[in-house]
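Input: a single structure, listed below in structure tokens.
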Amino acid sequence: MQNNYKNHIAVLQERTATLLKREAVDALIIHSGQLRMAFLDDHAYPFKVNPHFKHWLPLVNNPNCFLVVNGLDKPKLIFYRPEDFWHKVPDEPTDFWVDSFDIVYMQTQDQLAYLLPDDRGDMALISENSELADTLSIGQYNPQAILDFLHFHRSVKTAYELDCMRQATALAVTGHHAAREAFYEGGSEFDINQRYLATVRQSDNEIPYSNIVALNESAAILHYTALQKAPRNTDDLKSFLIDAGAEVNGYAADITRTYSYREDEFSELIGALNEQQLKLCDQIKVGMPYQDLHIDMHFRIGILLQEFGFIDMSLDEAVESGVTSTFYPHGLGHFLGLQVHDVAGFMQDEKGTHRSAPSAHTHLRCTRMIERGQVFTIEPGLYFIPSLLAKLKSRAEAKLVNWDKVEAFLPYGGVRIEDNIIVHQGHTENMTRDAGLN
């Protein structure tokens with residue numbers, strides 16, 4: 001890890017030097033972030049670090065820190081350590097990353113101006129706080145050209161980043177195994193989520209996103225987070241969908257699995273979608289457009305709709321008419337990294353040239369050409385969503401849908417299978433399956 005981290009810093013230094021020369025900027029000042037107070041209250045919302053800050057170092061829980069980087073000199077870290085008897089003061093860092101920075105300590109935020117370089121007029125601030133640029137006389141605030149460059153190149157991961165993401169995926173897999181056991185034991189959505197968190201040893205504020213833990217018909221709500229606390233009668237249990245991740249050094253895992261409580265036709269549908277998802281993963285190649293995979297998956301969803309007797313129409317008709325979109329309404333996946341839905345999915349170059357999703361698939365999150373070193377999710381789904389089915393019933397294609405069969409599957413909600421994929425030259429690495437989740 002340590003050698004890969006030093007190489008990671010070297011890559012970031014090289015990128016920064018290239019960027020600052022191009023933009024005629026002396027340095028970047030990168031803010032870790034700040035606490036936000038709840039409205040009309042005296043406590044803060046959970047802290048979320050600036051992703052540009054944690055790209056340089058895995059310091060994810062300390063607000064009011066600053067990095068000064070110019071791509072040439074050793075990066076400077078201004079580490080906030082106040083005198084405070086109300087809260088835990090961060091320890092002086094001793095982790096693997098400390099040798100890569102000149103670290104100075106700041107006790108009060110009044111000291112910041114004296115710890116930063118004197119002439120800041122030709123520097124750029126990367127921060128959520130626009131007032132800091134004026135207060136500290138920093139020349140530019142979140143300049144778009146700089147953000148575009150940083151975002152575009154961030155989509156190709158270093159060896160250190162891949163190490164972190166493999167660890168995050170492996171950790172999340174342990175949680176998925178525990179959650180599956182809790183489901184078959186009859187646990188409530190709340191109980192299952194608590195089992196997951198206890199297994200990965202991360203709190204609701206530490207995991208990269210709010211876990212989706214859905215039983216039965218709730219699996220049809222794509223971002224369901226209501227978490228019913230009362231257990232269901234096991235006679236009423238039908239299905240379980242869990243979309244849950246973990247974080248290591250600021251890097252995310254994002255995994256989804258679906259289970260049937262019994263061996264029935266729904267369990268067969270899960271197995272069939274899993275098979276199609278794996279076949280699609282085998283199609284991933286450097287140089288192909290990500291959106292081609294998404295379109296391919298719609299045809300695969302059409303195959304399942306035919307095989308299980310939901311529709312009686314050709315594959316071309318099912319896809320082109322949008323019938324498959326009723327059952328599979330979201331995009332195939334997204335970039336993964338410092339953020340769960342990582343940036344630059346629509347950028348075609350480092351200048352930020354944008355390519356939108358196709359008009360028939362507006363929820364697709366990535367239109368990039370697939371490159372070596374990219375990491376993304378592959379997460380097809382097949383759902384029975386009442387509101388979308390109601391719209392389909394009003395269309396001409398409704399007569400080609402077996403509504404009795406659809407109604408029988410409504411109580412199951414739906415299926416989603418999601419893996420985390422690294423693209424290598426000539427092959428792909430499925431971190432999720434390699435970590436033991438099938």
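All figures in this text were calculated on a predicted structure; none of them were measured in a lab.
Phe310 and Phe409 have their aromatic ring centers within a separation under 6.0 angstrom. Ring centroid separation for the pair Tyr412 and Phe384 does not come in under the 6.0 Å cut-off. Aromatic ring centres of His176 and Tyr196: separated by under 6.0 Å.
Here Asp84 pairs with nothing under the salt bridge (Lys or Arg N to Asp or Glu O under 4.0 Å) rule; sequence neighbours left out. For Glu128, the side chain to side chain donor-acceptor pair (under 3.5 Å) criterion is met by Arg36, not counting sequence neighbours. Under the side chain to side chain donor-acceptor pair (under 3.5 Å) criterion, Asn50 pairs with no residue, sequence neighbours left out. Listed by chain and residue number, Pro46, Ser203 satisfy the side-chain contact (heavy atoms from CB on, under 4.5 Å) test with Asn205 (two or more places apart in sequence, or in another chain). Annotation: side chain to side chain donor-acceptor pair (under 3.5 Å) contacts of Asn249 (sequence neighbours excluded): none. Listed by chain and number, the residues in a side-chain contact (heavy atoms from CB on, under 4.5 Å) with Lys393 are Trp403, Glu407 (sequence neighbours excluded). With sequence neighbours excluded, the residues forming a side-chain contact (heavy atoms from CB on, under 4.5 Å) with Glu307 are Ile303, Leu304, listed by chain and number. Arg300 pairs by the salt bridge (Lys or Arg N to Asp or Glu O under 4.0 Å) definition with Asp296, not counting sequence neighbours. Residues satisfying the salt bridge (Lys or Arg N to Asp or Glu O under 4.0 Å) test with Glu418, not counting sequence neighbours, are none. Under the side chain to side chain donor-acceptor pair (under 3.5 Å) criterion, Asn70 pairs with Asp73, not counting sequence neighbours. Ala318 pairs by the side-chain contact (heavy atoms from CB on, under 4.5 Å) definition with Ile311, Met313, Thr324, not counting sequence neighbours.
Neither side chain, Asn216 nor Tyr261, offers a donor N or O lying under 3.5 Å from an acceptor on the other. For Asp419 and Gln277, the side-chain atoms include at least one donor-acceptor pair closer than 3.5 Å. In summary, the side chains of Asp342 and His151 do not present any donor paired with an acceptor at a separation below 3.5 Å, with no hydrogens or angles considered. Donor-acceptor pairing under 3.5 Å is lacking for the side chains of His361 and Gln291.
In this structure, Asn142 contributes its side chain and Ser127 its backbone to a donor-acceptor pair below 3.5 Å. In this structure, Lys157 contributes its side chain and Gly373 its backbone to no donor-acceptor pair below 3.5 Å. Here the side chain of His55 pairs no donor or acceptor atom with the backbone of Leu12 at under 3.5 angstrom. Although no hydrogens or angles enter the test, the distance criterion places no donor-acceptor pair under 3.5 Å between the side chain of Glu429 and the main chain of His424.
Pairs of residues two or more places apart, or lying in two chains, that qualify as side-chain hydrogen bond (donor to acceptor under 3.5 Å, both in side chains) and include a residue from residues 229-241 are Glu217-Arg232.
Contact of the Cys366 side chain with the His334 side chain is not registered, since no non-hydrogen atoms from C-beta on lie closer than 4.5 Å.
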